[in-house]
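Before I ask anything, let me first share the structure, which is written out below as structure tokens.
Note that ligands are numbered from 1 as they come in the structure, with each ligand's atoms numbered from 1 the same way.
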Amino acid sequence: MQKPEIINLPKFEDPRGNLSFIEEFKHIPFKIERVYWIYDVPGGQVRGGHAFKKQQEFIVALSGSFDVVVDDGTIKQTFSLNRSYYGLYIPAGYWRQMQNFSTNSVAIVLSSTEFDENDYIRDYLDFLKSKKNV
Ligand code: TYD
């Protein structure tokens, strides 16, 4: 089973401003079917708090910073994202939540699937059952 991991992206440093990019299958291990972003998050708010059955994703802090807590049903890991030249790859089957958003932070999420509410596991007990931990 694949694991969540930080993936460094190409970075072209330039006195005019830096540039980074992502190509599907090259920098991330899936085809990009959807892109969404989370912004204007009021202080103290938490986003996510669910798992996906099939969806893989790659999250980049395009601006500001936030933490992503990733949980396999046994172990929780916290990844701090605060640069736009790397991101967090999350395979399917992990509970994840996003928190500690700084003012004006922007999270961009590249997803391997179109939006499908049926792909969500929104109940933590159901998630643990899917992992056979309860
Ligand atoms: P959701 O993924 O539940 O966000 P969070 O877990 O942070 O609360 O998305 C919130 C709502 O936005 C969801 O009810 C449906 C809608 N939505 C779409 O219609 N398309 C999308 O691609 C996403 C990510 C969400």
Close N or O approach (R122, ligand 1; < 3.5 Å): yes
Give the numbers and elements of all ligand 1 atoms closer than 4.0 Å to a heavy atom of Y36. 24 (C)
Protein contact to atom 8 (O) of ligand 1 [nearest heavy atom, distance to 0.1 Å]: R47 NH2, 3.2 Å
Any donor-acceptor pair under 3.5 Å linking the side-chain atoms of T78 with those of D67? no
Which residue and non-hydrogen atom of the protein lie closest to atom 24 (C) of ligand 1, and at what distance in Å? R34 NH1, 3.4 Å
A cation-pi test, strictly: NZ or CZ of R83 under 6.0 Å from the centre of the six-membered ring of Y85 and no more than 45 degrees from its axis. Yes or no? no
Taking NZ, NE, NH1 and NH2 as the nitrogens, is one of them in E13 or K11 under 4.0 Å from a carboxylate oxygen of the other? yes
Atom 25 (C) of ligand 1 has as its nearest protein heavy atom F115 CE1, 3.7 Å
Can you check whether I38 has an N/O within less than 3.5 Å of an N/O in ligand 1? no
Do the charged groups of R34 and E57 touch, with an N to O distance under 4.0 Å? no
Does E117 reach ligand 1 with a nitrogen or oxygen that is under 3.5 Å from one of the ligand's nitrogen or oxygen atoms? no
Heavy-atom nearest neighbour in the protein, as seen from atom 6 (O) of ligand 1, with distance rounded to 0.1 Å: H50 NE2, 2.7 Å
May I ask you to decide if R96's main-chain N or O and K76's side chain share a donor-acceptor pair within less than 3.5 Å? no
Can you report which non-hydrogen protein atom sits closest to atom 1 (P) of ligand 1, along with the distance? Y120 OH, 3.7 Å
Tell me yes or no: between the side chains of Y120 and Q55, is some donor less than 3.5 Å from an acceptor? no
Within the protein, is there a heavy atom lying under 4.0 Å from atom 15 (C) of ligand 1? yes
Is it the case that the side chains of Y124 and D71 hold a donor-acceptor pair, with the cut-off being a distance below 3.5 Å and no angle test? yes
Quick one: does G49 get within less than 4.0 Å of ligand 1, heavy atoms only? no
Backbone N or O of E114 within a donor-acceptor pair of the E33 side chain at under 3.5 Å? no
